[in-house]
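Here's the structure, in structure tokens; my notes come after.
Throughout, protein chains are lettered first and strands after them, A, B, ... in sequence-line order, and every chain is numbered starting at 1.
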There are 2 protein chains.
Amino acid sequence: MKATIYDVAREAGVSIAAVSQVINGKGKISEERRQEIIRVMEMLHYQPSRIASALTGKKTYTIGLLVPDISNPFFAEIARAVEEQGHQLGYSLIICSTENKDERVERYISLLQQKSVDGIIIGTGIDNKKMLKPFLDNETPIAMIAREMPGLDVKTVIVDDYVGGRMAAEHLLALGHRRLAVLTENPKLSSSKERIRGFREGVELSGGELPDSRIKACGDELVKEGKRLAAQLLQCEDPPTAIFCCNDLLAIGTLQAAKQLGMKVPSDLSVIGFDNTILASVTDPPLTTVAQPTERMGRTAVDRLIGQLDKAYDGELRTVMQPNLVVRSSTAAPL
Amino acid sequence: MKATIYDVAREAGVSIAAVSQVINGKGKISEERRQEIIRVMEMLHYQPSRIASALTGKKTYTIGLLVPDISNPFFAEIARAVEEQGHQLGYSLIICSTENKDERVERYISLLQQKSVDGIIIGTGIDNKKMLKPFLDNETPIAMIAREMPGLDVKTVIVDDYVGGRMAAEHLLALGHRRLAVLTENPKLSSSKERIRGFREGVELSGGELPDSRIKACGDELVKEGKRLAAQLLQCEDPPTAIFCCNDLLAIGTLQAAKQLGMKVPSDLSVIGFDNTILASVTDPPLTTVAQPTERMGRTAVDRLIGQLDKAYDGELRTVMQPNLVVRSSTAAPL
DNA sequence: TTGAAAGCGCTACCAT
DNA sequence: ATGGTAGCGCTTTCAA
């Protein structure tokens, strides 16, 4: 059996209160007793039960992270940053891959609640805001990362998607592209909407236009669907010379479609992605993409969630970071 | 405040024991009371506290997963599978990125212990077996995945690394390569050792040889180091015509080195990876690699850990799965 | 069937 | 400075 605080107390000939004191480093104890208790704790390999301690009103030192899919490199990178910062602050991370399914979101939320996590970070789209109600009532902190839920008073850490979209447009425009198209994942996500809005405004500002028919939205199998939709786009009459993909996975699908159709990137087609995951640096050709500061976003989300940083941020609910364009070899002037 | 079992009991006019019964679906209660209690639970948005329930001797329904780095796609994919199967069985997953550092491993182990996880899955190298002692004493189940700790009685789910190494060798040999080299990560890992052993035996069986000078081992920055070491290999006199990389990340580094040196893959150099992560399908050129059945491995590890499958496996400690070669475009006959 | 009550391991308050 | 003790929310006997 695992040693408990009682075992330590008995062995050290003190009360459990004394042991508790040294565990938590508070209260007054003579250095002598203190050392003795520590000695016994080590001898017994005593590890305080966080379960019991949590039950007594303390925190669980656990936070939950909801993402669509932890095996998607973008979210894996976010998770890494969140985990790291959490760990730094003494928190463990429970990963929840929602697959963008409401029923899974609901299940995870309920579980996290039952486990009394100290906070949750949401990086997945939530259709039904009511699902968050338990946490809101509960006053369990919530932070959104890379996603937004307008109308909900939660801390949010995002990249400026609108600006990212514009950057993409401006880059393509500067290269001389005029026939543009867009591939997006779920267009209901605020991030998708903003990226497209930015892209479109960039195009329109230069006198061009982006008809809705040039925007394709896809479901969950990002690279597969990206490939399918890109092929569609490329095979219509008057095909685009450049495609803006709202994430790297879609861009990879597009790359694959181009290859299959015998088109060379970037000479026959320019492709630009979003996220700057590790994938972007290894594709053929390497992908020009709009980078999000994932590491900083993850770290910040944790800080804001746990409240460390909040004196500094002082009430600001949204933290908006700037994207930046990473030009590699998938974009060039049209022929 | 969150509703407790007392609130429900009071509101429903029954004892907390009755409520407990319906939560856990055991004991005898009249259907009438039962329905009433359920009604009240819903009305109050009651969620049982897993903390309290765990304290009373039940499980925490949480497992820990130790990997070097969750943002490494291989481990992200493993994590995904583990999470999925865990979720299926009602368990949450705590992610721990150890960075291959003993002090981090130790810290995580102690944390997981304090949180009374129901089991841990280890996918990271552990130098000091003693660190696992608390769990062993504790009888907390441990399972290894994609890593092995010979001499420790824990369930292990791995791919046959030796065979994988041989497959790589045989593929390269069949293409006509004779000057071979190997890039590996930490050579102390049993997986690394086995892959190299398999590769070497494959080479030797065909009458060739693989001098130690042709084997380079690297630290943690896999792609960066892979690039550096590959460049070294390629710039020595009598450079290899093919390099076997013990994982995809190293292969990517090698691809980058070749590119930088102006060498074409596969015409000037063949490269073969290991793992078949998503990366392998998007590199330039697409990577020939030895695939591990990550999804199945993750699922199996959970099953064996939680004990569901164990009647079937019946005592077998090691579950060895077969790798398979995925031939893409990074390997070809030497000039 | 139903409920009273004894813990689970720990924290925090209150005496001493 | 030290220890006794009342909970925290739940499970589980054991009586009724």
Phosphate OP1/OP2 of [N] contacted by [X] side-chain N/O (<4.0 Å):
X: Thr56(B); N: dT11(D); answer: no
X: Ser53(A); N: dC10(C); answer: no
X: Arg33(A); N: dA1(D); answer: no
X: Ser30(B); N: dT2(C); answer: yes
X: Lys26(B); N: dT11(D); answer: no

Under a 3.5 Å threshold, yes or no: a donor from one side chain and an acceptor from the other, between [X] and [Y]?
X: Tyr46(B); Y: Lys2(B); result: no
X: Lys115(A); Y: Thr60(A); result: no
X: Thr98(B); Y: Thr124(B); result: yes

Rounded to the Å, how far apart are [X] [atom1] and [N] [atom2]?
X: Arg50(A); N: dT11(C); atom1: CZ; atom2: C1'; result: 14 Å
X: Gln114(B); N: dT11(C); atom1: CD; atom2: P; result: 11 Å
X: Ile37(B); N: dT1(C); atom1: CD1; atom2: P; result: 14 Å
X: Arg10(B); N: dA4(C); atom1: CZ; atom2: P; result: 14 Å
X: Asn24(B); N: dG9(D); atom1: CG; atom2: P; result: 17 Å
X: Ile16(A); N: dG7(D); atom1: CD1; atom2: P; result: 15 Å
X: Leu55(B); N: dT11(C); atom1: CG; atom2: P; result: 12 Å
X: Gln21(A); N: dG4(D); atom1: CD; atom2: C1'; result: 13 Å

Query - Which residue lies more 5' along DNA chain C, comparing Ala17(B) with Tyr46(A) via nearest heavy atoms - result: Ala17(B)
Query raised in the report: If you find the nucleotide of DNA chain C closest to Ser49(A) and the one closest to Ser15(B), which residue's nucleotide is nearer the 5' end?
Result: Ser15(B)
Query raised in the report: Side chain of Lys28(B): nearest nucleotide among dT1(C), dC10(D), dT12(D)?
Result: dT1(C)
Requested in this report: Name the closest nucleotide to the Ser20(A) side chain, picking from dT12(D), dT11(C), dT2(D).
Outcome: dT11(C)
**Report entry** Heavy-atom donor-acceptor pair, Tyr6(B) side-chain to dC10(D) base, under 3.5 Å
**Finding:** yes
Requested in this report: Take the angle between the ring planes of Tyr108(A) and His87(B) and call it parallel below 30°, perpendicular above 60°, tilted in between.
Outcome: parallel
Query raised in the report: Is atom CD of Glu32(B) surrounded by more than 12 heavy atoms (other residues, nucleotides or ligands) closer than 6.0 Å?
Result: no
Requested in this report: Look at all strands and tell whether Val19(A) reaches a base, only sugar-phosphate, or nothing, counting heavy atoms closer than 4.0 Å.
Outcome: nothing
